[in-house]
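These notes concern the structure reproduced below.
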Amino acid sequence: MLVLQTIRENPEAALKLLAIKNFDGKEIIQTILSLDDKRKETQKMLDDNLAQSNTLAREIGILYKTGKAAEASLLKEKTSQLKELAKELSTIFESTKKELEEALLKVPNLPHPSIHHGKTPEDNEIIHQEGLIPHLPITAIPHWDLASKYDLIDFALGNKISGAGFPVYKGKGARLQRALINFFLDRAIDEGYKEIQPPYLVNAASGYGTGQLPDKDGQMYYAPLDDLYLIPTAEVPVTNIYRDVILKESDFPLKNVAYSSCFRREAGSYGKDVRGLNRLHQFDKVEIVQISHPERSYEVLEEMRTYVSGLLRALELPFRILKLCGGDMSFTSAMTYDMEVYSAAQKRWLEVSSISNFESYQANRMKLRYKDETGKMQLAHTLNGSALALPRIVAALLENNQTDKGIKIPEALVRYTGFGFISET
RNA sequence: GGAGAGAUGGCAGAGCGGUCGAAUGCGGCGGUCUCGAAAACCGUUGAUCCCAUUUGGGAUCCGGGGGUUCGAAUCCCCCUCUCUCCGCCA
């Protein structure tokens with residue numbers, strides 16, 4: 001949720017930035033401003049009214065104590081009128097506040113001024129690419145075929161047990177998965193991140209905190225009996241650790257890393273783009289989350305980008321970094337880098353990480369604040385990124401490293417897998 | 001699932017229906033002392049919003065919602081959550 005103050009101070013500037021995200025905010029900003037005016041006006045009247053009531057009540061108390069009951073009951077009559085008015089005013093006040101908040105929630109985060117206007121993923125800017133694109137023989141096969149050839153992942157079995165998008169990892173497939181998780185966690189810990197094991201089901205307040213609700217509630221699995229949501233990413237529980245928290249300036253930067261399974265309904269996706277491991281309902285991910293001082297959040301964003309690049313390099317995967325255009329950025333993000341890995345048999349770039357700075361957008365909603373050196377409350381900045389999402393990494397590893405005899409495991413992973421090669425036997 | 005207890009400021013913990021934003025202790029901050037630190041002592045210490053903006057004034061907040069009352073942290077009702085015991089169970 002945007003800070004109302006930024007809209008108030010310069011609505012024109014806000015509109016301009018929103019346009020980068022292809023969001024026409026003219027109407028809603030106008031609504032917000034007039035609702036806020038109305039809110040203030042009503043509050044003034046209500047406060048004055050309550051102040052009068054309070055004074056009267058105090059006087060009545062004194063009169064009773066001094067035995068002047070007659071005078072007291074005279075004053076009592078006055079209060080009843082005040083009370084009636086107060087009731088009306090507070091109804092208006094409450095409903096105005098609610099409308100204002102609802103309107104505010106409909107406004108996406110302002111993109112960083114450096115973000116390009118753009119409509120589709122094609123408009124994203126490729127800012128970096130490295131690693132050799134492997135040239136595979138024509139006999140090379142996509143990962144879903146490799147997975148069954150070497151009995152690593154069983155999609156049909158997942159289908160039977162749960163449904164499409166719930167693969168079963170087996171044998172070396174399962175061990176590869178586990179190796180990657182440990183590898184990612186260890187690297188993050190070396191980098192100063194604190195490991196967190198979060199809950200997989202969260203309440204609605206947490207969903208609102210990070211912005212999955214009210215917008216994208218259709219993307220989350222929901223358990224109505226207990227009114228809980230399955231997490232679509234560890235970002236939700238981990239960032240919500242800091243909901244309603246007041247930090248000290250010396251607490252920055254807070255660096256957390258969490259492995260979790262992620263659950264996404266992915267309603268409406270189908271086709272060859274989602275084949276194999278490309279898009280799943282349940283997948284594993286290691287997520288890094290940082291809470292930053294506002295002045296340093298963009299340095300932190302770069303630091304996270306560098307860190308994730310290092311992971312991909314260690315896995316010897318060719319990758320590129322995209323700076324997302326306004327149109328492709330999420331509702332809550334101010335700047336996002338996508339990291340994509342080249343999956344050589346599919347001949348496709350696959351997104352394996354998305355690193356975002358939300359500035360104070362999530363913090364405002366969550367009331368995540370700190371006291372600055374003058375003792376004033378300020379909103380912190382939140383950032384997160386995948387480091388990394390497992391399935392597409394596995395897809396690229398299998399495809400890029402396939403040979404006639406089997407699949408080679410990158411050097412850095414061998415001490416985690418316990419094997420350096422996957423072959424048919 | 002059954003029975004009971006509770007929810008108050010960063011934490012702990014008081015609080016006859018009026019002067020309670022709330023005692024007290026701890027913690028935090030500032031000071032005295034000290035070469036420095038500890039101890040001791042003194043002082044200070046919540047959030048949000050509105051008006052005025054220089055000092056300032058006002059409203060709201062004691063889990064959430066409703067009610068009684070001129071007046072509620074204190075009384076009544078509902079909800080939620082937590083804890084203890086029993087049952088079940090990884």
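Throughout, a chain's letter reflects where its sequence line sits, starting with A, and its residues are numbered from 1.
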Donor-acceptor pair between [X] and [Y] side chains, under 3.5 angstrom:
X	Y	answer
A:Tyr221	A:His281	yes
A:Tyr242	A:Asn256	yes
A:Ser354	A:Asp338	yes
A:Gln290	A:Tyr193	yes
A:Gln219	A:Gln212	no

Give every donor-acceptor pair under 3.5 Å between a side-chain atom in residues 222-241 of chain A and any protein atom, sequence neighbours left out.
| from | atom 1 | to | atom 2 | distance (Å) |
| --- | --- | --- | --- | --- |
| A:Tyr222 | OH | A:Asp227 | OD1 | 2.6 |
| A:Thr233 | OG1 | A:Glu235 | N | 3.0 |
| A:Thr233 | OG1 | A:Lys285 | NZ | 2.8 |
| A:Glu235 | OE1 | A:Asn384 | ND2 | 3.3 |
| A:Glu235 | OE2 | A:Gln362 | NE2 | 2.9 |
| A:Glu235 | OE2 | A:Asn384 | ND2 | 3.2 |
| A:Thr239 | OG1 | A:Glu235 | O | 2.7 |
| A:Asn240 | OD1 | A:Arg243 | NE | 2.7 |
| A:Asn240 | ND2 | A:Ser206 | O | 2.8 |
| A:Asn240 | ND2 | A:Val236 | O | 2.8 |

Nucleotide range of RNA chain B contacted by chain A, 5' to 3', under 4.0 Å to a heavy atom?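 It runs B:G18 to B:G71.
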Pick the [atom1] atom in [N] and in [M], then give their distance to the nearest Å.
N	M	atom1	answer
B:G27	B:A38	P	12 Å
B:C51	B:U44	C1'	28 Å
B:C42	B:G58	C1'	33 Å
B:A37	B:U32	C1'	15 Å
B:U19	B:C78	C1'	33 Å
B:C77	B:G13	C1'	28 Å
B:C89	B:U74	P	43 Å
B:G15	B:G6	P	12 Å

A:Tyr150 ring centre to A:Lys172 NZ or CZ under 6.0 Å, with the angle to the axis within 45°?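 No, A:Lys172 does not lie over the aromatic ring of A:Tyr150.
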Hey, does A:Leu146 have a side-chain heavy atom less than 4.5 Å from the side chain of A:Glu399?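 Yes, side chains in contact.
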Quick one: does A:Asn22's side chain get under 4.5 Å of A:His117's, heavy atoms only?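 Yes, side chains in contact.
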Touch check for [X], heavy atoms < 4.0 angstrom, all strands: base, sugar-phosphate only, or nothing?
X	value
A:Asp48	nothing
A:Lys248	nothing
A:Arg39	sugar-phosphate
A:Leu50	sugar-phosphate

What I want to find out is whether A:Arg8 reaches A:Asp37 closely enough, with some N-O distance under 4.0 Å, to be called a salt bridge.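 A salt bridge links A:Arg8 with A:Asp37.
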Ion pair check, A:Glu59 and A:Lys78, cut-off under 4.0 Å: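 Result for this pair is no, no salt bridge flagged.
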Which residue lies more 5' along RNA chain B, comparing A:Ser53 with A:Ile62 via nearest heavy atoms: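 Per heavy-atom nearest nucleotide, the more 5' residue is A:Ile62.
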Toward the 5' end of RNA chain B, by each residue's nearest nucleotide, A:Thr55 or A:Thr79: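 By nearest-heavy-atom nucleotide position, the 5'-most residue is A:Thr55.
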Consecutive-pair stems (3 or more, Watson-Crick or G-U, under 3.5 Å) for RNA chain B: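 For RNA chain B the paired stretches long enough to count as stems (3 pairs minimum) are B:1-7 with B:80-86, B:10-12 with B:24-26, B:27-32 with B:40-45, B:46-51 with B:56-61, B:63-67 with B:75-79.
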Salt bridge (Lys or Arg N to Asp or Glu O under 4.0 Å): pairs with one or both residues in residues 45-54 of chain A, sequence neighbours excluded: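 Passing the test, one end in residues 45-54 of chain A: A:Lys44-A:Asp48.
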Contact residues, residues 194-211 of chain A to RNA chain B [heavy atom, < 4.0 Å]: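 Those residues: none at all.
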Which of residues 80-105 of chain A have a heavy atom under 4.0 Å from RNA chain B?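 Those residues are A:Lys83.
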Does A:Lys255 use its side chain to pair, donor to acceptor, with the backbone of A:Glu191 at less than 3.5 Å?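 Such a contact is found between A:Lys255 side chain and A:Glu191 backbone.
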Indicate, with yes or no, if the rings of A:Tyr370 and A:His293 have centres closer together than 6.0 Å.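 Ring centres of A:His293 and A:Tyr370 closer than 6.0 Å.
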